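Report on the structure given below.
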Amino acid sequence: MSEQKLQFIDRISSTFGTSLEMTDEQGTSRIFDLLAEFQIEAKAYAVVVQEEDGEIDVLRITDNAQGVPQLETIEEDEEWENVMELYDEVAFSDELEDEK
């Protein structure tokens, strides 16, 4: 997937801000900080970190019936890993450039 271009976007942050309260399937609400959101080809993703435990996750950005962006879990492990790998490449390359 590293041949694909990642383009940063701001669909979630411009709609909801960078602090997001999300509820899981069990009804438990948690606060997440939005680290980045980007598009790869026709799919959009958001990288979030849970405030409580610092766990990082990547979610797919879709639109609901009213056209409002929403976040959904990525069910396929391969897609999740590929997206995180590409994001890591971009994030760590920026850090390496800052050190130069």
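Here the structure is a predicted model, which is why all the values come from computation and not from measurement.
Note that OG1 of Thr73 is 9.0 Å distant from CG of Leu71, once rounded to the nearest 0.5 Å. Of the inter-residue distances, the one linking Ile9 atom CD1 with Ile61 atom CD1 reads 4.5 Å to the nearest 0.5 angstrom. To the nearest 0.5 Å, the span separating CZ on Arg30 from CG on Asp53 amounts to 7.5 Å. The CD1 atom of Ile12 sits 7.5 Å away from atom CG of Leu34, with the distance rounded to the nearest 0.5 Å.
Taking the six-membered ring where tryptophan is involved, the planes of Phe38 and Phe8 are perpendicular, since the angle between them exceeds 60° and thus also 30°.
Side-chain contact between Tyr87 and Ile40 is absent, with no heavy atoms from C-beta onward closer than 4.5 Å.
Between Ser13 and Thr18, the closest heavy-atom pair is CB-CG2, 4.1 Å. Shortest non-hydrogen contact noted between Ser19 and Glu51 is OG-OE2, 4.2 Å. Of all heavy-atom pairs between Arg11 and Thr62, the closest is NH2-O, 4.3 Å.
The side chain to side chain contact (heavy atoms under 4.5 Å, CB included) check on Glu52 picks up Gln50, with sequence neighbours excluded. With sequence neighbours left out, Val49 forms a side chain to side chain contact (heavy atoms under 4.5 Å, CB included) with Asp33, Leu35, Ile56.
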Take Tyr45 and Ile74 through the test side chain to side chain contact (heavy atoms under 4.5 Å, CB included) and record every step on the way to the result.
-> CA-CA 9 Å; Tyr45 301 94; Ile74 298 171; 3.6 Å; yes

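Of the candidates Gln70, Glu72, Met22, Glu37, Met22 is the only one forming a side-chain contact (heavy atoms from CB on, under 4.5 Å) with Leu59. The side-chain contact (heavy atoms from CB on, under 4.5 Å) test with Val47 singles out one residue from Val83, Val58, Asp88, and that residue is Val58.
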